[in-house]
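Everything numeric in this text was worked out from a predicted model, so none of it was measured. Order of the sequence lines sets the chain letters (A, B, ...), proteins ahead of strands, with each chain counted from 1.
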Amino acid sequence: MPVAIDLSAPGGVALALLPEILLTVWACVLLLLAAWQHRDPDAHRRIGGLALVGLVAALVVMVWFWKSGTRPAGLPLMIALDTFRYAGAIVFLIGAILTVLLSLRYLGRERIAVPEYYALLLFAVIGMLLMGGAADLIVLFLGLETMSLAVYVLAGIKRRSGTSAEAALKYFLLGAFASGFLLYGIALIYGATGTTNLTVIAFQLSDGGLQDSALLSIGVALLLVGFGFKVAAVPFHMWVPDVYDGAPTPISGFMAAAVKAAGFAALIRIMVTALGESTAVWQGAVWWLAVITMLIGNLIALAQRRLKRMLAYSSIGHAGYLLVAVTSGTPAGASAFLFYALVYTLMTIGAFGLLAALGRDGESEVLIDDLSGLAAGRPWISFAMAVFMLSLLGFPGTAGFIGKWYILSAAIGTGQWLLAVILVLGSVVSAGYYLPVIMNMYMREPVERRPDLSASVDLVGAARGVVATAVVLLILLGVWPNRVLDLAVDGSRDLRAPALVTGTSP
Amino acid sequence: MPEIVGWVWLVVLLPFFGFLANGLLSFVAPRAKTAVSVVGVGVLVASFGLAAGIFGGLLGHSDGAPFILTFWHWIPVGDLQVDVAFQVDQLSAVMLLVVTGVGMLIHIFSVGYMREDDGYARYFAYLNLFVFFMLVLVLGANFPILFVGWEGVGLCSYLLIGFWYTEKVNADAGKKAFIMNRIGDFGFLIAMFLIFKTTGTLVFTEVFGLAPETFAVDGPTITAITLFLFLGCTGKSAQIPLYTWLPDAMAGPTPVSALIHAATMVTAGVYLIARTNVLFAMAPLSSAVVAIVGAVTALWAASIALKQWDIKKVLAYSTISQLGYMFLGVGVGAVASGIFHLVTHAFFKALLFLGSGSVIHAMHRAYSATDRHEDAQDMRNMGGLRRWMPWTAGVMWIATLAIAGIPGFSGFFSKDEILAMTFARGHDEVLYYVLWGVGTLASLMTAFYMTRMMLYTFHGPNRTGERERDHLHEAPWVMTAPLLVLAAGSVLGGLLNLPHVLPFHGWLTEWFAPVTGLGEFYRAEMHLEAGTEWSLLGLATLIAAVGIFVAVRFLRPAKLQPAAEAPEETGFGKVLFRKYYIDELYDLVIVRPLVWLSDRVLWRGVDVGAIDGAGVDGSARLARGIGAIGSWLQTGQVGTYIFIFVIGVVVLLRAVSGP
C-alpha cells in the first residue's frame with residue numbers, strides 16, 4: 001500500500017524526515033552520554049555499539065519507505081520522497097555501519113579513545129542523508145555543510161598526531177574555499193531561474209530562453225567546482241592524498257566511500273532532475289572532468305609506493321569512473337551509479353579495513369612491497385586483499401566488473417563512445433598498481449624490512465566480519481548481480497522531474 | 001507431450017554426475033576401480049534406458065511437432081535471449097539413442113581395455129563428460145546451446161587424445177585436433193552472428209520458421225551462412241581441408257577413437273547440417289559444395305587408407321571417407337539417408353575400432369610379457385590372429401562386410417541409398433552423375449582396403465614373434481560382449497530404412513519427415529524408377545564383391561615382413577603411405593610462415609619492440625614522469641593547492657561559457 005505524505009503539513013514533513021530526525025536525536029543522546037562517561041576508558045566501545053543501533057534503525061526506516069512506496073502528495077518542496085533517496089541512503093548507511101564496525105577495535109588500539117567519534121560519524125551520516133534526499137539546493141547545502149563539518153573533525157580526531165591535525169586543517173581550509181564556490185553557484189542559479197527547488201528549476205528551463213543564460217552557465221560551473229572538491233575530481237583533488245594519509249584509516253575508508261557517494265548522489269540528483277533536459281549546459285564540462293580525473297588519478301597512483309596513498313589516488317580514479325555515470329545524465333546513469341556506489345563502498349571499506357589491520361600509527365608507512373610473501377603466512381587475508389584489488393580493477397567475476405560494465409553501458413547508451421574507451425584505458429592503467437599488490441603477496445619472498453608483518457596482522461572480531469562480508473558480497477554480486485541490479489534500476493525510476501513528465505501532454 | 005519426454009534432463013545430467021563422481025574419485029581414490037566402473041558404466045546404462053523410453057514415447061506420438069523444454073534463461077541481453085532449452089524431436093531422439101547406446105557399449109568395453117591403466121578414474125571422468133556434452137549438442141534447442149556442446153566435446157576430445165600426456169607426440173596430437181577445430185569453430189561463430197543479425201533469433205524453430213521470409217533462395221546471405229556453418233562441420237567432422245587432425249587423434253586410447261572419433265563426435269557436423277537442413281535447402285550452391293567436398297573426401301581418404309600399415313590409421317582414414325559419404329548424402333538433400341548412414345556407421349565403425357582395440361590389447365600384452373618394444377598397432381607385426389582371437393576376427397569380418405557394402409548388411413543399404421539419391425539428382429544436373437561416380441569408386445577402394453586390413457591382421461602366418469606368440473589371447477568377455485551387440489547392430493541396422501523396391505521400405509525417411517519437411521519445398525525431386533534402383537543395387541553389390549575379390553586374389557599376407565624388417569615404400573605407394581604429403585604441405589604453407597610471422601614480426605617486432613619497448617616501458621616512463629610531476633605539485637602547502645584549484649575553476653568557467 002503506497003503511503004502518500006503531505007509535505008505542506010508539519011506532521012508530513014516530520015514523517016518524511018523520520019530517519020534524519022531519528023539519527024539527530026540519537027546523535028545528541030550519544031553526545032550527552034559521551035560527556036557523562038568521559039573518564040571511562042571503555043566508553044567509546046559502548047557508544048560505538050549504540051551508534052550501530054541508531055544506524056540500523058535509520059536503515060530499517062529507509063527500507064520501509066522504499067518497500068511501502070512512500071511518495072509525496074504533490075510537489076516535493078524541500079525533501080524528496082523517491083526511490084533514489086532511499087537507495088542512496090541505504091548505501092551511505094551501509095558504509096557507515098561498516099565503518100563503525102571497523103572502528104570498534106581500531107580506536108582502542110590506536111589510543112584514540114574518543115567516544116564523540118561515533119556521534120560525529122552520525123552527524124556526518126545525517127548530512128549525507130540530507131544531501132541524497134534534498135529536493136532543494138538550500139537543503140542540499142545544509143546537508144553538505146553538516147557532513148563536512150563532522151568529517152573535518154573526524155579527520156583530525158587523532159589529536160596527538162601532527163599529520164592528522166595538518167590533514168584536518170588543510171581539509172577544512174580547502175573545504176571552506178570550495179563551499180564558497182558552491183554557494184555562489186547556487187546563488188547564480190537562483191538568479192537565473194528565480195528558484196532553488198530542483199523540480200521548479202527544471203520547469204523553468206523547459207520553458208526555453210534560459211539555455212543560453214550566462215548566469216545559469218556560470219552558476220552550474222561553480223556548482224561543479226564545489227562538488228568536484230567533495231568527490232575529489234581533478235584538479236580539485238589536491239587535498240585527497242594528504243587528508244586520507246593523515247586521517248585514521250577507517251575514516252579514510254569512510255571518506256573515500258560514503259562521503260564521495262553522498263557528493264555524487266547530490267550531483268546526480270541536480271544533473272538529472274533539474275538539468276536533465278539541459279545537458280548542453282553541463283555535459284561538456286563534466287566530460288572533461290571525468291577524463292582528466294580518470295587519467296590523472298590512475299597515472300599518479302602508479303607512482304605510489306605506500307599502500308594508503310595508492311588507495312587514495314585509486315579513489316580519485318574511481319571518482320572519474322563515477323563522473324562517467326554522471327555524464328550520461330540519464331536514469332540509466334543514476335542506476336549505474338547506485339550499483340557502483342554500493343560495490344565501491346564494499347571494496348573500498350574492505351581494503352581500508354585490511355590496511356588498518358596491517359599497520360600501526362595511521363598505517364601511512366605500509367609499503368606495497370611490505371606485503372611480499374604475505375600469502376604464505378596469512379592465506380585468507382591475502383585472498384581477501386586479492387579480491388578487493390581485483391574488484392577495484394574491475395576483473396570479471398567480481399562485483400567491480402559488473403559495476404563498471406553498467407557505467408560503460410550507461411555511457412554508450414548516450415553515445416559517449418570516447419568516454420567509454422577512456423574509462424577502459426584508465427582501468428588498464430589501474431592494473432599497473434592493483435596487480436603488484438597481488439603479485440607481492442603471492443609471488444615474492446618476504447622482505448627484510450617487515451619480516452614480522454604476517455604475524456602482526458591484527459584482524460579480529462567485527463573487523464574480520466566486515467572484511468569477510470565484503471569479500472562474499474563482492475564475489476556474489478560478481479556472479480549473480482541480477483537482484484541488486486533490479487533494485488538499482490528501481491532506485492532511479494522517479495529521478496526525472498515530474499513536471500517534465502506531465503509537461504509532454506497538452 | 002508424453003510424460004517421459006519431460007525427463008530428458010536426467011538423460012543429460014546422469015553422465016554429468018558420473019563425471020563429477022569419477023572426477024572426485026580420481027583425486028581421492030584413484031585405485032577404487034570397481035567404484036569407478038560402477039559409476040561410469042551405471043550412469044550410461046541408466047541414461048540409455050531413459051533415452052530408449054523417450055524414443056518409445058515419441059514413437060507413440062503422431063503429431064510430429066518438436067517438444068521444446070526450457071529450463072532457465074541463460075543470457076538475457078537486450079534483443080538476445082538465450083535459454084537453456086532442449087529440443088526433443090525425431091532427429092534428436094535418434095541421436096540420443098546412438099550416443100547413449102553406442103556410448104554405453106564402449107564404456108563397458110573400456111572396463112576391460114583400461115583396467116591396467118593408472119588413470120582409470122580420470123579416463124572414465126572424461127568419457128562421462130564427453131557423453132554429457134555430446135547430449136547437450138544433440139539436444140540443444142538453439143545455436144548457442146548446441147555450440148556449448150560442440151565446444152565441450154572438442155575439449156573432451158582434446159583431453160582424451162592427450163590422455164597419455166607424458167608422451168609429447170600424444171600431447172601434440174591433442175593440440176593439433178584442438179587448433180584445427182578452432183578454425184572450424186570460427187566459421188560456426190560467424191554463421192551464428194549472421195543468423196542473429198538477419199533473423200534476430202538463435203532458436204532453431206524460430207530461425208527455420210523465419211527463414212523463408214528472411215532469405216532469398218540462393219541469395220548471398222543464406223549462402224554465406226551455410227558455407228560458414230559447413231566450415232565448422234569440416235573441422236569437427238574431419239573433411240577436406242581440415243581432416244588431418246583425425247588420423248593423429250588415434251594417439252588416444254582406442255575406445256576413445258571408437259566413441260569420439262568414429263561413432264559420435266565427428267558426426268556432429270552431419271547432425272548440424274541435418275538440423276539446419278532448411279537453410280541448406282535454400283542455398284543450393286552451399287549444398288553442392290557440401291556434396292562435392294563429401295564425395296572428394298570419401299575418395300581421397302579411401303585412397304590413403306589403401307597404403308596404411310597402422311591398423312588404427314586405416315580405420316581413421318576409413319572414418320573420414322565414410323563421413324564424406326554422409327556429407328554427400330545431406331549435401332544432395334537426402335537428409336534421412338545421411339543420418340541413416342551415420343547410425344549404421346556408428347555400429348560398424350565402433351565395432352571395427354573396438355575390435356582393433358581388442359587386437360592391440362592382445363598385441364600389447366604379448367609384447368610387454370616379453371619386454372619387447374615393437375609397434376603393437378602395425379599390421380606387419382600381426383597376421384594369423386584369428387587362431388588366437390576367433391571371436392574378434394568373426395565380428396570384425398561382419399563389420400568389414402557391412403562397411404564394404406555386401407547386401408544384407410547395414411552399410412550396404414545406407415551407402416547405397418546415398419549413392420542412389422546422388423544418381424537421382426544427376427537427372428537434373430550432370431554434376432551429380434560425376435559425384436556418384438566418385439562415390440562408387442571410393443566404395444570400390446573401401447571394399448579393398450578393409451579386406452586388406454582383415455587379411456593382414458587375421459590371416460596368413462603370424463609375424464608377432466616366436467616367444468610373443470604364446471602370450472596372444474582372446475580379450476575377456478567384458479570386451480567381447482559389446483562387440484557382439486555391435487555386430488548384431490551392424491547386420492540388422494539396415495532394416496531401419498530399406499530401399500523403395502523392398503517391402504517395409506523407408507521407415508527412417510518417414511520418421512524424419514517432420515524434421516526435413518520444411519526444406520522439402522526447396523529441394524529437387526529425387527525419384528528413381530524401380531528398374532534403375534534395382535540396377536544400382538546390383539552394381540553396388542558387384543563393386544563390393546570386386547573389391548573384396550581383388551584384395552583376396554592379389555594380396556599376399558604370406559610375403560609380408562615384420563615392420564622392423566620391412567622395405568621402404570616406393571613410387572605412388574609411398575605418396576599414399578605419406579598421405580599425399582598434406583601434413584608437410586600444411587606445415588610448409590601455413591604453419592611455418594605463421595610461426596615465422598609470430599616469431600619475427602609479432603614477438604620480436606611488435607611485442608618486444610613496440611609493446612614492451614615503447615608501450616610498456618614507455619608508458620611506465622610516462623607514468624613515472626606524470627607521477628613525479630604530481631608528487632612535485634603535492635607540496636603539502638595549502639597555497640599551492642588553492643593555486644591549482646583556481647586554475648581548475650578558470651578552465652571550467654571557460655568550458656561552460658562556450659567557444
Side-chain angles (χ1 to χ4, degrees), chain A residues 163 166-167 169-174 177-178 181 212 214 216-226 228-229 233-242 245-246 280-289 292 295-305 309 313 316 409 428-429 432-433 482, chain B residues 70-84 144 148 151 606-607 610-659:
Chain A
T163 53
E166 189 189 327
L169 186 65
K170 254 183 223 169
Y171 190 25
F172 173 67
L173 285 175
L174 288 164
F177 189 64
F181 282 93
D212 300 328
L216 180 76
S217 309
I218 295 173
V220 170
L222 295 181
L223 208 64
L224 281 178
V225 171
F229 175 81
V234 179
F236 314 113
H237 69 289
M238 299 296 288
W239 58 279
V240 171
D242 294 2
D245 221 6
V281 179
W282 55 271
Q283 210 165 31
V286 180
W287 196 94
W288 277 108
L289 276 183
I292 55 171
L295 292 182
I296 302 284
N298 281 320
L299 282 176
I300 300 186
L302 273 180
Q304 304 306 315
R305 292 184 60 221
R309 273 186 109 80
Y313 279 107
I316 297 174
S409 86
V428 172
V429 172
Y433 56 88
N482 310 32
Chain B
T70 305
F71 299 104
W72 70 85
H73 304 298
W74 182 30
I75 309 176
V77 184
D79 299 335
L80 177 66
Q81 289 287 337
V82 180
D83 293 344
V84 173
V148 168
E151 290 298 297
V606 177
D607 200 15
I611 295 181
D612 282 1
V616 177
D617 294 348
S619 67
R621 266 194 295 277
L622 179 74
R624 262 201 296 277
I626 293 179
I629 295 172
S631 305
W632 174 68
L633 287 172
Q634 202 75 40
T635 53
Q637 301 296 319
V638 178
T640 321
Y641 294 1
I642 288 188
F643 181 70
I644 293 167
F645 193 114
V646 171
I647 292 176
V649 174
V650 171
V651 172
L652 206 59
L653 283 175
R654 181 77 191 80
V656 295
S657 57

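Closest heavy-atom contact between A:Ala178 and B:Phe645: CB-CZ, 3.8 Å.
To the nearest 0.5 angstrom, A:Thr163 atom OG1 is 7.5 Å from A:Asp245 atom CG. A:Tyr313 OH to A:Arg309 CZ: the interatomic distance, rounded to the nearest 0.5 Å, is 5.5 Å. To the nearest 0.5 angstrom, A:Leu222 atom CG is 5.5 Å from B:Leu653 atom CG.
In this structure, the portion of A:Glu166 lying under 4.5 Å from any heavy atom of chain B is its side chain and not its backbone. Contact of A:Leu289 with chain B is made through the side chain alone, with heavy-atom distances under 4.5 Å.
When the candidates A:Val225, A:Leu302, A:Leu169 are compared by the number of heavy-atom contacts under 4.5 Å with chain B, A:Val225 comes out ahead. Contact tally against chain B (heavy-atom pairs below 4.5 Å) for A:Ile296, A:Ile300, A:Asp242: the top residue is A:Asp242. By number of non-hydrogen pairs under 4.5 angstrom with chain B, the leading residue of A:Ala233, A:Ala214, A:Ala221, A:Ala301 is A:Ala221.
By the 30° and 60° cut-offs, the orientation of the rings of A:Trp239 relative to A:Tyr171 is parallel.
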